[in-house]
Amino acid sequence: MAELPDLEVFSQILTRRYGGSVLEKLEVIESRKLNVPAKALKACLEGHKLSRVIRSGKTIQLVFGPDRVLGIHLMLRGELVALSSASPRFAILIFHFHSGEGFAVVDMQKQATPTLDPPSADVPDALELSYSAFKKLLSGKKMVIKTLLMDQKKLRGIGNSYGDEILYHAGISPFSIAGKIPEDSVKQLHKSIHSVLESAIKKIAGENGDELRGELRDFMEVHGAKIKNTRKGEEVISDKIGGRTSYYTRSQVLFS
DNA sequence: GAATATGTTTAAAT
DNA sequence: CATTTAAACATATT
């Protein structure tokens with residue numbers, strides 16, 4: 001469900017709604033993916049204040065007290081839901097705050113991964129990557145650009161959907177060889193990463209308000225099985241790149 | 001019933 | 001060694 005813009009908005013909403021509250025009780029429903037025993041996690045976090053929530057790459061990081069961090073990766077189908085009267089299905093973790101409110105991490109696929117005190121990443125976040133670092137990342141690479149953009153060991157935060165949107169925005173074919181893209185287009189691509197992600201954050205934030213909703217992707221230009229034409233009328237074509245479906249148009253320039 | 005779905009890890013193949 | 005590919009994960013939707 002969630003890629004970088006959704007997660008950025010979720011972290012803002014969680015900070016607004018639960019920031020400053022003391023975690024009264026943590027239910028660990030599914031501990032298979034957890035890097036510490038469930039008891040240790042509870043002992044670490046219960047009774048401590050949620051100071052803020054930030055996003056890093058495709059993870060949400062809940063900061064408790066001064067420096068205790070619980071990282072959460074939602075993987076393919078994970079979601080964050082506010083607690084209501086009904087107990088959530090497919091829960092992984094349930095957070096109950098002193099105020100009586102709370103939220104849950106759910107994932108019907110049980111792949112969402114909580115990590116206590118995750119090691120700090122040395123891979124740059126997509127929104128923090130400088131142009132010179134980006135240029136260096138592409139130079140000499142034989143990988144197709146779409147695969148490189150989604151490679152979390154090179155830059156963090158871009159997934160299949162936004163990868164397509166960014167390449168469409170930049171006018172570059174997803175099949176282009178990374179190292180063959182000329183400097184002007186690399187510059188454009190770097191700009192597109194920022195502008196596509198940041199405008200998505202604004203749109204999702206505006207539509208979400210304080211609600212934890214997912215799947216607000218009405219603004220997608222090319223990525224989606226239902227999109228037959230772009231708003232400019234270009235035909236959208238799809239192909240598999242690295243086992244996942246990519247959507248693009250013939251107007252995107254191929255460098256190879 | 002079959003195909004598809006937003007991600008990652010691992011192993012095997014090229 | 002660098003890169004690519006397939007499978008697995010568990011369930012819902014079309």
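Everything numeric in this text was worked out from a predicted model, so none of it was measured.
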Determine: side-chain N/O of T147(A) to OP1/OP2 of dT3(C), distance under 4.0 Å, yes or no.
no
If you measure only the distance, is there a donor-acceptor pair under 3.5 Å linking the side chains of E24(A) and H96(A)?
no
Identify which nucleotide among dT8(B), dA12(C), dA5(B) has an atom closest to any side-chain atom of M108(A), counting heavy atoms from C-beta outward.
dA12(C)
Considering only dG7(B), dT4(C), dA5(B), which nucleotide approaches the side chain of R244(A) most closely?
dG7(B)
Can you measure D107(A) atom CG to dA10(C) atom C1' for me and round it to whole angstrom units?
9 Å
In whole angstroms, the gap separating P of dT9(B) from CD of Q109(A) amounts to 14 Å
For I72(A) and dT8(B), what is the distance between atoms CD1 and P respectively, to the nearest whole Å?
16 Å
So G243(A), base contact, sugar-phosphate only, or nothing? Heavy-atom distance under 4.0 Å.
nothing
Kindly point out which of dG7(B), dT11(C), dT9(B) is positioned nearest to the side chain of K153(A)?
dT9(B)
With a 4.0 Å limit, can you tell me whether K142(A) has a side-chain N or O closer than that to the phosphate oxygens OP1/OP2 of dT3(C)?
no
NZ/NE/NH1/NH2 to OD/OE distance under 4.0 Å, E183(A) and K135(A)
yes
With rounding to the closest Å, how many angstrom separate the P atoms on dT8(B) and dC1(C)?
25 Å
Rounded off to whole Å, could you give me the CG-to-P distance for the D239(A) and dT4(B) pair?
13 Å
Under 4.0 angstrom between Y162(A) side-chain N/O and dG7(B) OP1 or OP2:
no
Reading 5' to 3' and counting Watson-Crick or G-U wobble pairs with both distances under 3.5 Å, write the dot-bracket notation for DNA chain B, | for bases paired outside the strand.
.||||.||||||||
May I ask you to decide whether E46(A) forms a salt bridge with K25(A), counting only side-chain N to carboxylate O separations under 4.0 Å?
no
Give R89(A) one of three labels, base, sugar-phosphate or nothing, depending on what nucleic acid heavy atoms sit under 4.0 Å from its own.
sugar-phosphate
Determine whether the aromatic ring centres of residues Y168(A) and Y248(A) are separated by less than 6.0 angstrom.
no
Grab the NZ-P distance between K33(A) and dG7(B) for me, whole Å please.
15 Å
Would you mind classifying the nucleic acid contact of T113(A) as base, sugar-phosphate or nothing, using non-hydrogen atoms under 4.0 angstrom?
nothing
Could you verify whether a donor N or O on one side chain and an acceptor N or O on the other, from S251(A) and E234(A), lie under 3.5 Å apart?
yes
If you check every side-chain atom of H73(A), which of dA10(C), dA12(C), dT8(B) has the closest atom?
dT8(B)
Non-hydrogen side-chain atoms of V22(A) and F97(A) separated by less than 4.5 Å
no
Minimum-distance nucleotide (side-chain atoms of N160(A) versus dG7(B), dT8(B), dT3(C)):
dG7(B)
Any side-chain heavy atom of L7(A) sitting closer than 4.5 Å to one from K58(A)?
yes
Please report, rounded to the nearest Å, how far the P atom of dT10(B) is from the CD atom of Q152(A).
15 Å
Rounded distance (Å) that lies between atom P of dA10(C) and atom CD of Q111(A)
7 Å
For V144(A) and F90(A), find the nucleotide of DNA chain C closest to each by heavy atoms; which residue's nucleotide sits nearer the 5' end?
V144(A)
Where the side chain of Y247(A) is defined as all heavy atoms beyond and including C-beta, which of dT8(B), dT3(C), dA5(B) is the nearest nucleotide?
dA5(B)
Proximal nucleotide (of dA5(B), dA12(C), dA10(C)) relative to the K110(A) side chain:
dA10(C)
Counting side-chain heavy atoms from CB outward, which of dA5(B), dT11(C), dT8(B) is closest to M75(A)?
dT8(B)
Using 4.0 Å as the upper bound for N to carboxylate O, is an ion pair formed by R17(A) and D210(A)?
no
So, is K154(A) close to the dT3(C) phosphate, meaning a side-chain N or O under 4.0 Å from OP1 or OP2?
no
How long is the gap from CG on L129(A) to NZ on K154(A), to the nearest 0.5 Å?
12.5 Å
What integer distance in Å separates I227(A):CD1 from dT4(B):C1'?
16 Å
